[in-house]
Structure formats: C-alpha cells, structure tokens
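From a predicted model like this one, the values you see are computed outputs, not experimental measurements.
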Amino acid sequence: MIDIGRLGAAPDDPEKAFDAALTRTRALTLASDALREAKVDLAHIDRITMMGRLAASVAHEVTESIAAIVTNAQAARHFLDHRPPNPDEIRQALDRIVRDAYRASAVVERIQRLEETSPKKQRVEINGAIRDALELTRGEVEKSRVSVLTQFAESSPTVQADQVQLQQVIVNLIINAVEAMSSTREGSRELLICTEKAESNNALVAIRDSGPGLAPKSIDRLFEAFYTTKVHGMA
C-alpha cells in the first residue's frame with residue numbers, strides 16, 4: 001500500500017520533486033481505479049445477495065403455478081373422459097392453465113430484468129415498480145405471515161431512475177422489513193407501503209413495518225458502511 005502523504009521531496013531538488021509528483025499522481029490513479037473496482041464488486045455482491053434472498057420466494061411462486069397447471073391439466077383430462085365430455089369445464093380448466101403459465105412466466109421475466117447489469121435511466125412509475133417488487137417477494141411475505149397494506153397515489157408518481165436498481169432497493173426494503181418482524185407475534189406483522197407526489201415533481205415512498213425498531217445505541221451508526229444489526233448477513 002502506498003502512503004500518499006509521505007511521497008514528498010526536498011524543495012531544493014527539482015528532479016526529486018518531479019519524480020515525487022509523478023509517483024503521487026500514479027498512486028492517486030491506482031487508488032481511484034481500486035475504489036472504482038471496489039464499488040463495482042460491492043454492487044455485484046449486493047445483486048447476488050438479493051437474488052439469493054429472492055430464491056425461496058421465487059421458487060414458491062413458480063412451484064405453486066406449476067402445481068396449479070398440473071392440477072388443471074388433470075381436471076381437463078377428467079372432463080374429457082366424461083361421456084359426453086363437458087366442453088365448458090374443459091375450457092375453464094384450459095383457461096386456468098393459461099393463466100397460471102402466464103403467472104410463472106411473469107415471475108421469471110421479473111427476475112431476468114433484475115439480472116440486467118447496464119444502468120439505464122428512464123421514466124419509472126413508482127407504483128408499478130413496487131407492485132413488481134411485491135410480486136417477487138410474495139412467497140417470503142406469505143411464509144412469514146405478514147399482512148401487506150398499500151396506499152398508493154391515484155396517479156402514480158414517476159421518477160427518472162434505473163428501474164432495475166430501484167426495484168432492488170424496494171425488494172431489499174421489503175425483505176428487511178419482513179425479517180425485522182420475525183421476532184414479533186403472528187397477527188401483528190404488518191407492512192405498510194405508501195406513495196405520493198411531492199413538490200417539484202418528486203416522489204415520496206414510505207415503507208413502515210411493525211417490527212421492534214432500531215435500538216438507540218445503533219442510531220449513530222445507521223449510515224455507516226457495512227454496519228448491520230443482523231446476526232447473519234450484511235443487508
């Protein structure tokens with residue numbers, strides 16, 4: 001590691017001063033490059049961590065859809081065996097198969113969007129981004145017996161943002177809230193998500209859970225990098 005603060009030279013030796021300046025510039029460049037790489041690595045780690053946390057929730061959603069498809073396919077075969085066959089029952093079973101197939105496809109599509117790595121700023125509808133995040137985390141929410149309440153602005157606020165990164169933030173907030181309520185008794189686990197338009201075309205998003213809250217001793221370290229109150233993990 002280069003100690004940039006000690007890369008000096010005697011003021012009466014121009015040649016050494018020039019060499020020291022080059023060394024300092026090179027050290028600053030290396031430090032800048034290292035910081036940039038660290039930020040990229042941390043963003044990648046955060047993405048992998050979030051995808052891992054979503055795995056169980058997504059597996060639940062897809063498995064549930066596949067099970068429904070199988071059940072309805074078996075029902076359609078059963079109705080075909082009737083003499084005479086019941087076209088209306090068969091049609092309804094097939095419609096349910098199509099519905100559940102689209103549902104599973106939508107979950108996979110949301111995951112694929114989250115895997116995009118190139119930031120792309122665009123107009124993003126806040127309400128829609130939150131709904132997608134809730135769909136992705138529905139399995140985790142249901143497993144933890146959390147009641148979700150939403151109070152969305154009638155006309156959804158829009159922001160200029162990278163949709164993938166915005167959804168990652170929302171998904172992390174939802175999962176963190178669910179985990180924070182794990183120690184509270186069932187029946188009192190409530191997650192409230194609100195949106196409204198703020199001044200100057202800004203958007204306000206509020207996420208509130210009924211967990212135990214933050215201990216006073218942790219408040220001073222709230223925005224400290226890598227600080228966490230969790231027993232496991234860094235999210």
Side-chain angles (χ1 to χ4, degrees), residues 47-117 120 122-158 163-164 166-175 177-179 181-182 185-195 205 207 209:
R47 187 185 300 271
I48 291 174
T49 301
M50 187 202 63
M51 296 299 287
R53 296 165 77 187
L54 281 177
S57 182
V58 171
H60 169 80
E61 287 294 305
V62 174
T63 301
E64 191 177 74
S65 296
I66 293 173
I69 289 171
V70 171
T71 299
N72 285 302
Q74 291 172 337
R77 288 180 58 183
H78 176 71
F79 295 135
L80 279 172
D81 291 338
H82 283 183
R83 291 293 179 266
N86 189 327
D88 289 338
E89 295 285 359
I90 295 170
R91 188 177 295 108
Q92 290 177 18
L94 292 175
D95 286 343
R96 289 193 292 268
I97 289 173
V98 171
R99 179 200 63 196
D100 289 316
Y102 276 123
R103 177 183 167 190
S105 177
V107 172
V108 174
E109 184 180 348
R110 291 187 185 100
I111 288 295
Q112 288 175 332
R113 286 203 299 265
L114 287 178
E115 289 178 341
E116 295 176 3
T117 55
K120 180 183 177 183
Q122 57 185 333
R123 298 294 293 176
V124 180
E125 182 187 322
I126 290 291
N127 291 359
I130 294 174
R131 288 191 183 98
D132 281 349
L134 285 172
E135 283 297 317
L136 284 170
T137 55
R138 184 167 62 172
E140 193 70 19
V141 168
E142 291 178 351
K143 184 180 71 174
S144 300
R145 302 182 185 277
V146 172
S147 298
V148 178
L149 306 173
T150 58
Q151 294 179 3
F152 289 157
E154 290 188 11
S155 178
S156 177
T158 57
Q163 184 168 357
V164 172
L166 181 60
Q167 281 194 326
Q168 286 179 354
V169 171
I170 297 170
V171 164
N172 274 329
L173 288 172
I174 292 172
I175 293 180
V178 170
E179 292 179 348
M181 291 183 281
S182 62
R185 62 182 177 82
E186 293 184 14
S188 63
R189 300 174 185 174
E190 293 184 350
L191 176 63
L192 174 64
I193 305 178
C194 305
T195 66
V205 179
I207 299 180
D209 63 70

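- Side-chain contact between Leu134 and Thr150: present, with at least one pair of heavy atoms (C-beta onward) separated by less than 4.5 Å.
- With sequence neighbours left out, the salt bridge (Lys or Arg N to Asp or Glu O under 4.0 Å) criterion links Arg145 to Glu186.
- Once rounded to the nearest 0.5 Å, the distance linking CD1 of Ile90 with CG of Leu80 reads 4.0 Å.
- Between Leu94 and Val98 there is no side-chain heavy-atom pair separated by less than 4.5 Å.
- A search for side chain to side chain contact (heavy atoms under 4.5 Å, CB included) contacts involving Glu154 returns nothing, not counting sequence neighbours.
- In this structure Asn127 satisfies the side chain to side chain donor-acceptor pair (under 3.5 Å) test together with Thr195, sequence neighbours excluded.
- Not counting sequence neighbours, the partners of Thr158 by the side chain to side chain contact (heavy atoms under 4.5 Å, CB included) test are Arg123, Glu125.
- Scanning for side chain to side chain donor-acceptor pair (under 3.5 Å) contacts around Arg96 gives Asn72, with sequence neighbours left out.
- When the side chain to side chain contact (heavy atoms under 4.5 Å, CB included) test is applied to Leu192, the partners found at least two apart in sequence or on another chain are Leu149, Gln151, Cys194, Arg208.
- Separation of atoms CD1 (Ile170) and CG (Asp132) is listed at 9.0 Å; rounding is to 0.5 Å.
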### Message
Test side chain to side chain contact (heavy atoms under 4.5 Å, CB included) on Ile126 and Val205; report intermediate values, then the result.
### Response
CA-CA 8 Å; Ile126 290 291; Val205 179; 3.6 Å; yes

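- A donor-acceptor pair is defined here as one N or O able to donate and one able to accept, closer than 3.5 Å; such a pair exists between the side chain of Arg189 and the backbone of Ser144.
- Pairs of residues two or more places apart, or lying in two chains, that qualify as ring pair (Phe, Tyr, Trp, His ring centres under 6.0 Å) and include a residue from residues 82-107 are His78-His82, Phe79-His82.
- Every residue two or more places apart in sequence or in another chain that forms a side chain to side chain donor-acceptor pair (under 3.5 Å) with Arg91 is listed here: Asp88.
- Rounding to the nearest 0.5 Å places CE of Met181 at 8.5 Å from CD of Glu190.
- In this structure, the side chains of Val148 and Val141 come closer than 4.5 Å at one or more pairs of heavy atoms.
- With Ile193 as the partner, the side chain to side chain contact (heavy atoms under 4.5 Å, CB included) test is satisfied by one option alone out of Leu173, Asp209, Ile130: Ile130.
- Every residue was checked against the side chain to side chain donor-acceptor pair (under 3.5 Å) condition with Asp81, not counting sequence neighbours, and none meets it.
- Every residue meeting the side chain to side chain contact (heavy atoms under 4.5 Å, CB included) condition with Ala101, not counting sequence neighbours, appears here in chain and number order: Ile69.
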